[in-house]
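Everything on this sheet refers to the single structure shown next.
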Amino acid sequence: MTNLIQSSSRIAVFTAAILSFFNLFASPVEHVLRYSQPAPSTTSGWEKESLPLGCAHFGVSVFGGVEHDRVQVTHNAVLSGREKRRSAANLTNALEINLDFKDGEYSNYERGLSLDRAVAWTKYDCRGVSFKREYFTSYPARVLAIRLTANAKGAVSFVLRPEIPFLKPWNKKGNGDFGRRGTVVASSSSIAVDQELERFRVKFAGRFAVIHEGGSITSSSNTLSVAGADSAVILFACDTNYRLSPEVFTSPDSKKLDPNDKPSVRAEAILVAAVKKGWKALLAEHQADIARIIGSASIDLNASKEDAAKTTDYLLSQYKKGKKSRYLEETYWLFGRYLLVSSSRPGSLPANLQGVWTVHKNSPWGSGYWHNINVQMNYWPAFITNLAECFEPYAEFNAAFRPGTRKLAIAYLKHHNLGPIPAEGEAPNIWCVGTAVYPYVVEGGPGGHSGPGTGGLTTKLFADWYDYTLDRKALEKYVWPVVHGMSDFFVRCVIETNGLYLSKFSASPEQMVGKLEDNFRWGIDKAKYYTTTGCAFDQQMIYENGRDLLRFAKILGREDDPVVKKVRAQIDKYCPVEIGVDGQIKEFREEVHYADIGQRHHRHISHLWGLYPGRQITLDRPALMAAARQTLEHRGDPSTGWSMGWKVCCWARLGDGNRAYKLLTEQLQPTTAEKGQDGGTYPNLFDAH
C-alpha cells in the first residue's frame, strides 16, 4: 500500500481533475453545454462549435442547423492513406447525415448537450410553431437515435439525405491510398449506405430507418422525405468488416480484412432490434447506462444555478474577464469523463488522439494512437475518476498489436548493438512501441525522438489499472504480460557505464537542437532530435516499469522469473533523477544549467515523468519535490492545452493546489488561435491543439 499512499496527491488528472479533491458529492444542477446559435457547417465549425455524441463504437458530431442540420459520423476503423505522408494511415470522415427543412426565419433558438444524460437537442420557433430535435447515441443498442417533434400536429417535415464524403475512383491497379466508392440507396422507409475504402479494404455499412406518426413518407434514389408528420424518429446503425486481432497488424494492407465479411448484415440486425424497441425504450436503456457510468463519480463546487441557464460561450467569455464560474469548472471536469465514456467502452476500439471524432479527409496526425503522450493522457482520468472499464478497449488493442512489435524490438536492439538478441521462442512477451499505432498498422518502432520508445509511459496505465481496482484477473491476463514484456526489452536496452545501467540510445521526446527558439516551426525550421545516453525520460520509464514488475512478481509469486532477476540486479543502478546546478531536474545527464540543451519552454515535460504519472518524485523525498518545482518554474506555464493539462497534474502532485488551479483557469479561456499553440478552449470545450 506504500506506493498508493505516496500517490494520494494524484487528484488532478488531465486538465480539470484537481477540482475533484476528495469531494465526490453529486452537484444539484445538470451540466449542460448550451448555445444560442447553430454551429457553422464548416471544418472550423465542427472543431470549435459542434457537439460530440458517442457510443464508443462510433462518434457523432451535431451542428444543430435550422434549414440544414448536419450530423457527422466517425468510425475509428474507417481509415484511408494520408496525403503528404504516404507511409502512414489516416482516420477519415465516415459519413455525413443531412437533414433538410423548409423552415425560414426563426426565433428563440437553443441547442445543447446534457453531459449527465448524454442527450443533445435543438429547439427553435418558426411560423408560430415550436420545433425540437433530440439526439443520443446508445452504447447498449449501438445506434444513433434522433427524434423530431413540434407543438402542432402535422408540422414535422424534412428530407433525410445521407452522403458519403471524399469519394474517389480506385487506382486501376487496386493499390491506391485514397480510393473510395459506395452507394446510398433509399427504399420505403429505410436507407442503405455501403462503402469500401481502397487502402485497407475496409467496408462500412450504415442503415437508417424512419418511423413517423401521421403524415407521409416517400423515397427517391437516395433520400427519404417525411411530410406533415406529428413526430418522427430516425434510427441509424453501422458496422465495418474490421475485427481486432494480431493478424490485422501483420498482414499486407490488402489482406488485413476479410473481403467476404458482410457488415451490412450486422448493421441491419442492430437496426431491426432498435426499431423493435422504439424511442422510449431506447432512451430509457441509454439513460440507465449513462447514469451508471457517468454517475460513478461526481463533483460539487457549489455551482450557481443561474450559471446553469447561461450559454457556454458566454460563461467562457466572462471567465476570461475574471468572473469565475464554479458551474463551468464542474462542467469542464465532467466533459473530460464524458469524452472518454463516449469514445472507449468494452467491445469498441479505444480512444485515439481525437477520441472518436473527426471530420477531415486527412486528420491531424492521422488521428492515430500516438504513444508519446496522447494515448496516455486519454486514459489518465480512467482510474482516478472511476472509469476503469473504459480502459479495457485499449488493453485489448495493446494485446493485439503487441506481438507484431517483437520484430521491431529486435531490429532496435540490433541497430544499436544491444542485447542479447532473443532467439526464436525466447522472450515471448518482449515488445516495444515508438509513437504512432493505427488500427491496421504499427507505423514504426522506437529510435526516433524517444530513445527505446514510450512503452514505459504506456505500461504505467496498466499498473494503475491494478493499483486502483486490485483486479487479480486483469493483473494476470493483461498487466503482467505488458509490464514483463517491456522489462524484458528495457534490460536489453541499457549498457553499464560508470557503475550505472543507462539507455544506450536515448532522447527526450521532441527536444531538438539546431533551432532553439520557442517559436520553432515544424517542417520549416531546420533542427534535429537530440540523442544521448541515459536521459531522464528513458531512465525514469525503465526504473518505474522495473519497480512495478518487482512488486507484481511478488504478488503473483513469480520472483524467480529470469527477467525479474535481471531487473532486480539492475534497478538500483538506473539513476532516474539527477539535480542540476540551477536546482532543476536534469533532462539530460550532460546538462549543467537549465536549458543548456533544447528549448527552454518546450511543451513536453518528459523529465518530470517520475513526478507524474510516475511515483518516483514523492512527498517523502522533499529535495526531489523542490527540484521538480524549480523545473516547472523554468519551463513556464503557457503552452499548448494538453501540455498545460500535464502541468496541472504535476502541480497537484507537488501539493500546490493554487498553482494547479491557476493553470486550469488559464486553460479554461476562449481562444481564437488557429493552431492552438498557446492553449485555450473552444466554445464546445474542445482543447485548442
Side-chain angles (χ1 to χ4, degrees), residues 82 85-89 200 245-253 255-256 365-366 368-373 375 397-459 481-497 501-511 528-535 537-539 541-542 545-546 549 562-563 566-567 570 606:
R82 184 175 169 200
R85 191 173 179 178
R86 299 181 66 86
S87 63
F200 299 109
S245 69
E247 291 72 28
V248 79
F249 294 95
T250 56
S251 301
D253 286 356
K255 297 182 179 180
K256 291 181 181 296
W365 302 280
Y369 298 92
W370 292 68
H371 284 72
N372 63 333
I373 194 64
V375 164
F397 185 73
N398 179 280
F401 82 71
R402 204 167 64 236
T405 69
R406 177 187 171 86
K407 64 180 181 181
L408 299 176
I410 292 174
Y412 175 89
L413 295 173
K414 289 180 177 178
H415 180 76
H416 294 287
N417 195 27
L418 293 162
I421 307 298
E424 188 71 27
E426 291 182 343
N429 290 331
I430 194 171
W431 71 287
C432 67
V433 66
T435 300
V437 179
Y438 297 91
Y440 300 89
V441 63
V442 178
E443 187 177 7
H449 64 50
S450 53
T454 54
L457 188 59
T458 307
T459 60
V482 166
V483 174
H484 180 271
M486 186 51 55
S487 284
D488 203 353
F489 176 60
F490 279 157
V491 294
R492 302 168 195 266
C493 292
V494 296
I495 57 173
E496 193 168 6
T497 304
Y501 284 102
L502 303 179
S503 174
K504 180 180 179 181
F505 178 82
S506 190
S508 194
E510 299 186 14
Q511 271 288 22
K528 62 180 180 180
Y529 294 128
Y530 180 78
T531 59
T532 183
T533 299
C535 79
F537 178 69
D538 292 328
Q539 295 304 123
M541 279 198 303
I542 294 169
N545 190 84
L549 179 79
V563 177
K566 290 180 183 178
V567 170
Q570 292 182 358
S606 303

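Numbers here are sequence positions counted from 1.
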**Message:** In the structure I gave you, are the side-chain heavy atoms of Gln539 and Leu502 within less than 4.5 Å of one another anywhere?
**Reply:** yes
**Item:** Check: Asn545/Ser487 side-chain N/O donor and acceptor closer than 3.5 Å
**Value:** yes
**Request:** Would you check if the side chain of Trp365 reaches a backbone N or O of Trp370 as a donor-acceptor pair within less than 3.5 Å?
**Result:** no
**Message:** For a quick test of reading the model, state the closest non-hydrogen atom pair linking Gly451 to Pro446 and the distance between them.
**Reply:** O-CB, 3.5 Å
**Asked** Side-chain contact, heavy-atom cut-off 4.5 Å: Leu549 with Met486?
**Response** no
**Prompt:** Between Arg406 and Pro422, is any pair of side-chain heavy atoms under 4.5 Å apart?
**Reply:** yes
**Beyond-backbone contact of Val437 with Phe397, side-chain heavy atoms, under 4.5 angstrom** = yes
**Request:** Please tell me if the side chains of Thr435 and Glu443 come closer than 4.5 Å, counting only heavy atoms from C-beta onward.
**Result:** no
**Request:** Not counting sequence neighbours, which residues clear salt bridge (charged side-chain N to carboxylate O under 4.0 Å, His left out) with Arg492? List them please.
**Result:** Asp488
**Prompt:** Can you tell me how far NE2 of His371 sits from SG of Cys432, rounded to the nearest 0.5 angstrom?
**Reply:** 11.0 Å
**OH-CD distance between Tyr529 and Glu510, expressed to the nearest 0.5 angstrom** = 5.0 Å
**Item:** Interatomic spacing from CG in Leu457 to CG in Asp538 - rounded to 0.5 Å
**Value:** 11.0 Å
**Complete:** Distance col, row Tyr369:OH vs Tyr438:OH, nearest 0.5 angstrom, shows 11.0 Å
**Request:** State, yes or no, whether a side-chain contact exists between Thr531 and Phe505 at a heavy-atom distance under 4.5 Å.
**Result:** yes
**Prompt:** Backbone N or O of Arg402 within a donor-acceptor pair of the Thr405 side chain at under 3.5 Å?
**Reply:** yes
**Aromatic ring pairing Phe401/Trp431, orientation class (parallel under 30°, perpendicular over 60°, tilted between)** = perpendicular
**Taking every non-hydrogen atom, the tightest pair across Leu413 and Gly419** = CD2-N, 4.5 Å
**Request:** Ignoring hydrogens and angles, tell me if any N or O in the side chain of Lys504 forms a donor-acceptor pair with the backbone of His416 under 3.5 Å.
**Result:** yes
**Asked** If every non-hydrogen atom of Phe537 is compared with every non-hydrogen atom of Gly453, which pair is closest and at what distance?
**Response** CE2-O, 4.2 Å
**Message:** Could you measure the distance from the CD atom of Gln570 to the CD atom of Glu496? Nearest 0.5 Å is fine.
**Reply:** 8.5 Å
**Fill in**
Here the pair of heavy atoms bringing Val441 nearest to Ala89 is CG1-CB, 4.5 Å
**Asked** So, Asn429 side chain and Val482 main chain: donor-acceptor pair closer than 3.5 Å or not?
**Response** no
**Asked** Looking only at heavy atoms, which two atoms of Cys535 and Ser508 are closest? And how far apart?
**Response** SG-N, 3.8 Å
**Prompt:** Within a strict 4.5 Å, meaning less than it, do heavy atoms of the Ser503 and Met541 side chains meet?
**Reply:** no
**Message:** Testing the 3.5 Å rule here: is there a donor-acceptor pair between the side chains of Asn372 and Ser450?
**Reply:** no
**Item:** Phe489 side chain reached by Tyr412 side chain, heavy atoms, under 4.5 Å
**Value:** yes
**Asked** Could you state the interatomic distance from SG (Cys493) to OH (Tyr501), rounded to the nearest 0.5 Å?
**Response** 14.5 Å
**Atom of Pro439, atom of Val248 and distance for their closest heavy-atom approach** = O-CG1, 3.7 Å
